[in-house]
Structures are given as C-alpha cells and as structure tokens.
Amino acid sequence: MPEALRAQIDRAAEIISQAGGMVIAAGAGMGVDSGLPDFRGPEGFWQAYPALGQAGLGFMDVANPRAFGRTPDLAWGFYGHRLALYRATQPHAGFGILQRWAKGMNAGATVFTSNVDGQFQKAGFDAERVYECHGSIHHLQCFNGCCDDIWPADAFVPDVDEARGVLRNEAPKCPRCGDLARPNILMFGDPLWLPARSEAQSVRLEHWLAGARKPVVIEIGAGTAVPSVRNFSQQMRIYADAGLVRINLDEPQVPSRDDVGLPMSALAALRAIDEVMNAL
Ligand SMILES: [Zn+2]
C-alpha cells in the first residue's frame, strides 16, 4: 500500500476514534461488496437485466412511474427481481464493522442512504435510525395516487421470469382502489411519490444530530451522478461541524485537508481502518 494512502487510513481511524457519533452516508457503492449491482452505465445495467436491454429500456426508462402505466409486467419484473434479490442478499462484513464502531460512541450511529434496498436494517441497524432519502423497495404505495397510504411489501412474493424480464404472478394491488401498487421509491420524473415515510425518518435524524457531539460522517460509495448523498455529507460538514471520511473508488476527492478521501471499495476501506483502530 502506498505511503500516502496508509497515512490517510491512519487519519480516518483517528477521526473516527475521537467522534461522539457517526453518520453513515451511503450510496450504491456500499452494496457492491454484498454482490449487488450498482447500475453504473448502460452496460452494467443491461448486463444485470438483459431482457430490458432487448426491449431497449435503460434504467431511467424503467425506474420511472410511466413504466408502470405502459408496461406494468416489465416494470414489476424489474422491481420484483430487485425486491427478491435484496431480500436474499446477506449484507457484507463492513456493516458489522460500522456497528462495532458505533457501540463505542456516545450517540451511536445514524444512517442516511439513497439506497432503497433495506440492507442496513437487514444488517441489524435500528430502523428508527435509518433515513432512506429515495424511499424503500420494501414498501408500496398506490400507482394512481388515490391515497397517502404506504404499506409494507412483505406479503408480496414476486415470481419473475428472468429471461423475459416479466412478472409471472399477480402484481400487488392498492387496498383502497384496487389499482396497481408500485414501490414507494422516488423514481425519475415522479410527482406522485409519497415522501411521508422518508420525511418522518428525516425528522428523527434531525433529533439525533441535536444530541450528537463531534459527529463524523463516513460517506461510502456515493458518487456525483446522483448527488443526494454527497450533498448531505457536505451539509453535515458545515452545519454539524462533522469530520468527513469519504470512501469512493472513483471519486475520493474531499473539500478540505482536514477530511479524508480513500480510493477504495467499501469493505476494503472499512477493514483497513478497523485494523488501525484495533491497534490504537
Ligand atoms: Zn389506490
């Protein structure tokens, strides 16, 4: 390992060990070490979903409320496959490392994520301390916006024909009007997304911040293409006076010399920092 990177890892361990609380800000890169696709570029997306490639549909076409109106079988084929995948996925060891660090801090940890996969809750993070800014695939809402209900997707077990990319069984329905239900996820061009669940999570994060002294933001796998998570980290630096440890394979640049940027994958970086922390 290069000397400069070694020094950055040491510095990250120092910042984290002195923090009174930890804000984990995670993007799609967090899930890669668990084997989840991050949909970077059309090739990566179509490799994961070849049937959509054949239909000429990219991520922005199918992660789109209009897809549920035009081609509900394909839209639910895509989301149903992801729902089943996330249910079956075991979060990688980096989640456990973060939980261990949080135990040593007065305020513990809170999570801000653009991921809709529910992997933090699955790894044992307190659901009351997860803010999913783009919603969650594990919750549903009415497609036509008849009501403000958001309900768990637990009862829906998707059966997806992977070769054709379509849902084989019946799609979930809105219990109020009987129309199609859709994931409670903020999609592209999506005025009907119901934000109430995410907004309640946001309020809880505000409360947590008010009680956390000297927090550190550990930002993981969040790029500039969909900047929600990076914007959040920058705000934390300014408004919560938080230190920043940014873990990002391709875009590790940080705003100031006080911050740390590690050009590594999530798990490799967390393990490297953990080794140093254990020796402190
Ligand atoms: Zn409805």
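Numbering of ligands and ligand atoms starts at 1, following listing order. What's counted below: heavy atoms across the whole structure, side chains too, no hydrogens, waters or symmetry copies.
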Task: NZ/NE/NH1/NH2 to OD/OE distance under 4.0 Å, D190 and R182 - done: yes
Task: From CA spacing to verdict: ring-ring contact (aromatic ring centres under 6.0 Å, His included), F59, Y49 - done: CA-CA 10 Å; F59 180 53; Y49 294 98; 9.1 Å; no
TODO: Verify, without hydrogens or angle tests, whether D33 (side chain) and S265 (backbone) share a donor-acceptor contact under 3.5 angstrom.
DONE: no
TODO: For the pair F68 and F143, name the ring-plane relationship: parallel under 30°, tilted 30 to 60°, perpendicular over 60°.
DONE: tilted
Open item on the list: Tell me every residue that passes side-chain contact (heavy atoms from CB on, under 4.5 Å) with R66, counting only those two or more places apart in sequence or in another chain.
Closed with: N64, R70
- [ ] Taking 2.8 Å as the upper limit, name the protein N, O or S atoms near the Zn ion (ligand 1).
- [x] C142 SG, C146 SG, C174 SG, C177 SG
- [ ] Could you go through the side-chain contact (heavy atoms from CB on, under 4.5 Å) check for W76 and F156 one step at a time?
- [x] CA-CA 11 Å; W76 261 120; F156 172 52; 3.5 Å; yes
